[in-house]
Novice: 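Just dropping this structure here.
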Amino acid sequence: MKKALIGAVFLLSATLADIGVLISSSILATKLTEWKNSGRMWTALVDNGMLFPFILAKILWLLGLIILTVEFLKKKEDK
C-alpha cells in the first residue's frame, strides 16, 4: 500500500508541475515575436529555462505510473 501511495504522489505532483510549466510557457509564448522551427511553445520552454522542470515532470510522471502499475499487478498476483 505504501508503494501505491508513493506512486500516486509522484503522479499527482508531476501532473501539477507539468501543468504549471505548460501554463507559464504558454503565457511567455504569447510575447514571442519570432521562434525557431521547433515551434512557439518549445522555444518559450528552452529560452526561459523551463526545459529542465518540464523533463523532470515527465520523468516523475513516468516513474509514478511504473510504480502504480507494478503495485497493482503485484496485488492481483497475491489473490
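Starting from 1, each residue takes its place in the sequence as its number.
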Novice: If you group Ile, Leu, Val, Met, Phe, Trp and Tyr by side-chain heavy-atom gaps below 4.5 Å, do Leu65 and Phe72 land in one group?
Specialist: yes

Novice: To the nearest 0.5 Å, what is the distance between CG (Leu12) and CG (Leu60)?
Specialist: 11.5 Å

Novice: Could you tell me whether the side chain of Trp61 reaches within less than 4.5 Å of the side chain of Asp18, counting heavy atoms only?
Specialist: no

Novice: Check whether Met41 and Val46 end up in the same hydrophobic cluster, where Ile, Leu, Val, Met, Phe, Trp and Tyr are linked by side-chain heavy atoms less than 4.5 Å apart.
Specialist: yes

Novice: Minimum heavy-atom separation for Ser38 to Thr43, with atom names?
Specialist: OG-OG1, 3.9 Å

Novice: Tell me whether Phe10 is reachable from Ile19 by hopping between hydrophobic residues (I, L, V, M, F, W, Y) whose side-chain heavy atoms are closer than 4.5 Å.
Specialist: no

Novice: Same cluster for Leu51 and Ile59 if Ile/Leu/Val/Met/Phe/Trp/Tyr side chains link at under 4.5 Å?
Specialist: yes

Novice: For Val21 and Pro53, which heavy atoms make the closest approach, and how far apart are they?
Specialist: CG2-CB, 3.9 Å

Novice: For Met50 and Ala44, which heavy atoms make the closest approach, and how far apart are they?
Specialist: CE-O, 4.0 Å

Novice: Starting from Val70, can I reach Leu5 by hopping between I/L/V/M/F/W/Y residues whose side chains sit under 4.5 Å apart?
Specialist: no

Novice: Just verifying a value: how many Å separate Leu68 CG and Leu73 CG, rounded to the nearest 0.5 Å?
Specialist: 10.5 Å

Novice: Which heavy atom in Ser25 sits nearest to a heavy atom in Leu22, and how many Å separate them?
Specialist: OG-O, 3.1 Å

Novice: Quick one: OG1 on Thr69 to NZ on Lys74, what's the gap to the nearest 0.5 Å?
Specialist: 13.0 Å

Novice: Can you tell me how far the CG atom of Leu45 sits from the CD1 atom of Ile55, to the nearest 0.5 Å?
Specialist: 9.0 Å

